*Asks:* 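Below you'll find the structure I mean.
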There are 2 protein chains.
Amino acid sequence: MRPDPFQRNCGSRQVIDRIGDRWSVLVVLTLADGDRRYGELAEHIDGISQKMLTQTLRGLERDGLVTRTVHASVPPRVDYALTGLGRSLLDLVSGLESWATTHLAEVQAARVRYDADLPRRSPTGTARPTRPSRR
Amino acid sequence: MRPDPFQRNCGSRQVIDRIGDRWSVLVVLTLADGDRRYGELAEHIDGISQKMLTQTLRGLERDGLVTRTVHASVPPRVDYALTGLGRSLLDLVSGLESWATTHLAEVQAARVRYDADLPRRSPTGTARPTRPSRR
DNA sequence: CAGGATCCTAACCGATACTG
DNA sequence: CAGTATCGGTTAGGATCCTG
């Protein structure tokens, strides 16, 4: 029986979920160029909280995509790096990044068009979920 | 100034967020082979609720990835299809699917290994989120 | 420096009921 | 059939404080 992400309990869906995680993609991309320290990751990924960074790294480590190396020094130093498995994902993930930057303008234009049409369809102004813009 | 997903307010991060959505990938994949009715989508994507399906479709429509066609008939019939922009995403998304199915075993093995080491680090067994299978 | 532990709110999401 | 509206539990995730 081959994995089928359309089936509820198939593990492949969990894998998709991890990749589809809000921060995983950005972390993996940051590690593309080589090892990074915890603090470097935190600095490079604007807006990520310490909690989410740690949580994301643990998840990636658990899934075998990232290694965590603790150097016994003072102050402590922890390096993160992609595993072979993690690097195998790199093409896909950077493809995602470039798709996003390439088609960003189109997507934004589509949004403007869609939102402009909304008033006609919901007369009383059924408020959209109102993405409350981070912060 | 080019879009940089590492910057907090860059739109490209919103695009990544949409792709990284729990259901968007599955919906796009389902539409890969051609138009689908609302009910067909619901049936094919196991475990999605009607609310999430609608919400996901609206999001994809808003971003210009999917079209929604209402046929004036009784009973009503609504077809969804990928736009050109949506199809441009297809390679990436199906790449994601095949990566997931290909490396599923490795990921699961890594998890087992990681979890086996955990007891030594968190004695009380910090339970995983435990995705609750609905019903 | 690299996190662990807590607290707390907002967003997610499923279940249910209702409508054109 | 294809939704919308609403309620309520669950989770995500930021802020803050603390430690080796």
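Just so we're on the same page: letters track the sequence lines, and every chain starts at 1. Since this is a predicted model, take the numbers as computed values, not measurements.
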*Asks:* When the side chains of residues 79-89 of chain A are checked against the rest of the protein, which donor-acceptor pairs come out under 3.5 Å, sequence neighbours left out?
*Replies:*
residue, atom, partner, partner atom, Å
A/Asp79, OD2, A/His71, NE2, 2.8
A/Asp79, OD2, A/Arg77, NE, 3.3
A/Tyr80, OH, A/Arg58, NH1, 3.3
A/Tyr80, OH, A/Arg68, NE, 3.2
A/Thr83, OG1, A/Gly64, O, 2.6
A/Thr83, OG1, A/Leu65, O, 3.3
A/Thr83, OG1, A/Leu85, N, 3.3
A/Thr83, OG1, A/Gly86, N, 3.0
A/Arg87, NH1, A/Leu82, O, 3.2
A/Ser88, OG, A/Leu85, O, 2.5
A/Ser88, OG, B/Trp99, NE1, 3.0

*Asks:* Test: ring pair (Phe, Tyr, Trp, His ring centres under 6.0 Å). Region: residues 39-67 of chain A. Which pairs qualify, not counting sequence neighbours?
*Replies:* A/His44-B/Phe6

*Asks:* Is there a path of hydrophobic side-chain contacts, each under 4.5 Å between heavy atoms of I, L, V, M, F, W or Y residues, that connects B/Val66 with A/Val112?
*Replies:* no

*Asks:* Separation of A/Arg22 atom CZ from D/dG14 atom C1', in whole Å?
*Replies:* 11 Å

*Asks:* Pairs in or reaching into residues 31-43 of chain B: which pass side chain to side chain donor-acceptor pair (under 3.5 Å), with residues at least two apart or in two chains?
*Replies:* B/Tyr38-B/Thr54

*Asks:* For A/Asp46, enumerate each residue passing the salt bridge (Lys or Arg N to Asp or Glu O under 4.0 Å) test, keeping only those at least two apart in sequence or located in another chain.
*Replies:* B/Arg8

*Asks:* Once you round to the nearest 0.5 Å, how far does CD1 of A/Ile48 lie from CG of A/Leu41?
*Replies:* 8.0 Å

*Asks:* To the nearest Å, give me how far apart CG (A/Leu57) and C1' (C/dG4) are.
*Replies:* 14 Å

*Asks:* Nearest whole angstrom, please: distance from the P of C/dA15 to the CG of B/Leu53.
*Replies:* 14 Å

*Asks:* Just verifying a value: how many Å separate A/Glu97 CD and B/Ser12 OG, rounded to the nearest 0.5 Å?
*Replies:* 7.5 Å

*Asks:* Please tabulate, one pair per line, each protein N/O and nucleotide N/O from nucleotides 17-20 of chain C that are separated by under 3.5 Å, including the distance.
*Replies:*
residue, atom, partner, partner atom, Å
C/dA17, N6, B/Gln50, NE2, 3.4

*Asks:* Specify the separation, in whole Å, of atom CZ of A/Arg58 and atom P of C/dA2.
*Replies:* 12 Å

*Asks:* Measure the distance from CZ on B/Arg77 to C1' on D/dG3 and round it to the nearest whole Å.
*Replies:* 16 Å

*Asks:* Hey, could you give me the CG/CG distance between B/Leu96 and B/Leu92, rounded to the nearest 0.5 Å?
*Replies:* 7.5 Å

*Asks:* So, using side-chain contact (heavy atoms from CB on, under 4.5 Å) as the criterion, who are the partners of A/Gln55 when residues are at least two apart?
*Replies:* A/Lys51, A/Met52

*Asks:* Holding to side-chain contact (heavy atoms from CB on, under 4.5 Å), I want the full list of residues that pass it with B/Thr102, two or more places apart in sequence or in another chain.
*Replies:* none

*Asks:* Just the rounded figure in Å: distance from C1' of C/dC12 to CZ of B/Arg18.
*Replies:* 14 Å

*Asks:* The side chain of A/Lys51 is closest to which nucleotide in this list: C/dC13, D/dG3, D/dG14?
*Replies:* D/dG14

*Asks:* What is the distance, to the nearest angstrom, from the CG atom on A/Asp21 to the P atom on D/dT11?
*Replies:* 16 Å

*Asks:* Measure from CD on A/Gln55 to P on C/dG3 and round the result to the nearest Å.
*Replies:* 14 Å

*Asks:* Quick one about A/Gln108 and A/Arg113 (side-chain donor to acceptor, distance below 3.5 Å, no hydrogens or angles considered), yes or no?
*Replies:* no

*Asks:* OP1 or OP2 of D/dA2 versus the side-chain N and O atoms of B/Arg68: is any pair under 4.0 Å?
*Replies:* no

*Asks:* Based on the rotation axes of five pairs at each end, what angle does the helix from C/dC1-D/dG20 to C/dG20-D/dC1 bend through, to 10°?
*Replies:* 50°

*Asks:* Going by heavy atoms closer than 4.0 Å, what residues in residues 23-49 of chain A are next to DNA chain C?
*Replies:* A/Arg37, A/Tyr38, A/Gly39

